[in-house]
Participant: 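Structure provided below as structure tokens; questions to follow.
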Amino acid sequence: MTRIVTWNVNSLRVRLPQVLDWLAAHQPDIVALQETKLPDESFPAAELTAAGYSVLFSGQRTYNGVALLARGADVSFGEVARELPGFPDVQRRVLAATVGPLRVVDLYVPNGQSVDSDKYRYKLAWLAALREWLQEELGRHPLMVVLGDFNIAPEDRDVHDPAAWAGSVHVSDPERAALRALLELGFSDVFRRFESGTGFYSWWDYRQGAFRRDHGLRIDLMLATAALAARCRASHIDREPRRAERASDHAPVVAEFDI
DNA sequence: ATGGCTGCTTTGAGCAGA
């Protein structure tokens, strides 16, 4: 059994103790982190290695930053990619590697800020470039997982108050269409293989007691190719770390595979 | 109610997140 996780930690500097505790408690095999907010020279490689993980990271100061952890010493990360082909970008949002039989693509999709902003147009252009790249990757990697903070709630059932969110960034039609276009390449949203209802969120605003009131969005996703999805046995969102003092505003999303 | 909260930044008010 292989346990795979995605978690937007919103500063690995602040969250490292919680991440280490969570790794020790849950022993995941592959972890994709987003918003590490650390330049590579500050990445806590020694601490994570001491916790039993091999690490790969692509970071920058202040914003963004992604990392992959693979359980075991000296795990080999093959065919590493840190960019979307044809989409040069100073923002560190992409980290892909081959780990054993698996292709793992860790993404921190742009937020988009608001639907009338340049950042929104950047988000849609980024998603278009991502689709082109994943289409190529699919030809080479039948067992692929694309996971991370997508900053898109796929459907209204992934939104605590769809009427309040209607038309805004994270739920707008163009964003959802871009996500559907990714899925239509041949991916499955693994969480939805096990749970079809409303009320399952992976992010809650820090403000206005949103977590306590369970006002959230499901925006952290794990997409698997058909061959990999067929081996998925369970998926859940672990709300426990969100309860902690100084919690990330995102919860880890977990899935287990027969690999 | 463009507030609310958190993390970051050539340290402190402003940006960004979602």
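First the proteins, then the strands, lettered A, B, ... as listed; each starts at 1.
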Participant: Need one value for A:Asn111: base, sugar-phosphate or nothing, where a base atom within 4.0 Å counts as base even if backbone is also close, heavy atoms only.
Facilitator: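 A:Asn111: base contact, heavy atoms under 4.0 Å.
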Participant: Using atom P of each nucleotide, how far apart are B:dG3 and B:dG14 to the nearest Å?
Facilitator: 12 Å
Participant: Report yes if some heavy atom in the side chain of A:Trp126 is under 4.5 Å from a heavy atom in the side chain of A:Val94; otherwise report no.
Facilitator: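 A:Trp126 reaches A:Val94 side chain to side chain.
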Participant: Starting from the 5' end of DNA chain B, give me the residue, A:Asn10 or A:His170, whose nearest nucleotide shows up first.
Facilitator: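 Nearest-nucleotide comparison on DNA chain B picks A:Asn10.
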Participant: Taking atom C1' in both B:dT11 and B:dC15, what distance in whole Å separates the two?
Facilitator: 15 Å
Participant: Mind checking if A:Asn8 touches a base, just sugar-phosphate, or nothing, with heavy atoms under 4.0 Å?
Facilitator: sugar-phosphate
Participant: How far, in whole Å, is B:dA1 from B:dG12 if one measures between their C1' atoms?
Facilitator: 26 Å
Participant: Considering only heavy atoms of chain A and a distance under 4.0 Å, specify the first and last nucleotide of DNA chain B in 5' to 3' order that meet this criterion.
Facilitator: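 Footprint of chain A along DNA chain B, 5' to 3': B:dG4 to B:dA18.
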Participant: Does anything in residues 199-212 of chain A come within less than 4.0 Å of DNA chain B? Heavy atoms only, and list the residues if so.
Facilitator: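 DNA chain B contact set from residues 199-212 of chain A: A:Trp203, A:Tyr206, A:Arg207, A:Gln208.
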Participant: Quote, to the nearest angstrom, the P distance that separates B:dA16 from B:dT10.
Facilitator: 14 Å
Participant: Show every donor-acceptor pair shorter than 3.5 Å between a side-chain atom in residues 65-73 of chain A and any protein atom, with sequence neighbours excluded, or say none if there are none.
Facilitator:
unit_1	atom_1	unit_2	atom_2	d
A:Arg71	NE	A:Gln27	O	3.4
A:Arg71	NE	A:Pro28	O	3.4
A:Arg71	NE	A:Asp29	OD1	3.4
A:Arg71	NH1	A:Gln27	OE1	3.3
A:Arg71	NH2	A:Asp29	OD1	3.0

Participant: For A:Arg121, enumerate each residue passing the side-chain contact (heavy atoms from CB on, under 4.5 Å) test, keeping only those at least two apart in sequence or located in another chain.
Facilitator: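 Scan of A:Arg121 (side-chain contact (heavy atoms from CB on, under 4.5 Å), adjacent residues dropped) gives A:Asp118.
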Participant: Does a sphere of radius 6.0 Å around CG in A:Asp74 hold more than 12 heavy atoms from other residues, nucleotides or ligands, not counting ones at 6.0 Å or beyond?
Facilitator: no
Participant: Is the ring pair A:His160/A:Tyr201 parallel, tilted or perpendicular, if the boundaries are 30 and 60 degrees?
Facilitator: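 Answer is perpendicular, since the angle exceeds 60°.
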Participant: Are A:Val169 and A:Ile219 co-members of a hydrophobic cluster defined by side-chain heavy atoms under 4.5 Å apart?
Facilitator: no
Participant: Pick out which of A:Val99, A:Asp106, A:Leu147 makes a side chain to side chain contact (heavy atoms under 4.5 Å, CB included) with A:Ile30.
Facilitator: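 So the option named by the test is A:Val99.
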Participant: Find which nucleotide of DNA chain B each of A:Ile219 and A:Arg246 is nearest to by heavy atoms, and output the residue with the more 5' nucleotide.
Facilitator: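 Closer to the 5' end of DNA chain B: A:Arg246.
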Participant: ring-ring contact (aromatic ring centres under 6.0 Å, His included): which pairs involve residues 44-82 of chain A, sequence neighbours left out?
Facilitator: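 As it turns out, the ring-ring contact (aromatic ring centres under 6.0 Å, His included) pairs with a partner in residues 44-82 of chain A, which skip direct neighbours, are A:Phe43-A:Phe57.
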Participant: Per the ring-ring contact (aromatic ring centres under 6.0 Å, His included) rule, what does the pair list look like for residues 11-36 of chain A, sequence neighbours excluded?
Facilitator: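 Passing the test, one end in residues 11-36 of chain A: A:Trp7-A:Trp22, A:Trp22-A:His26.
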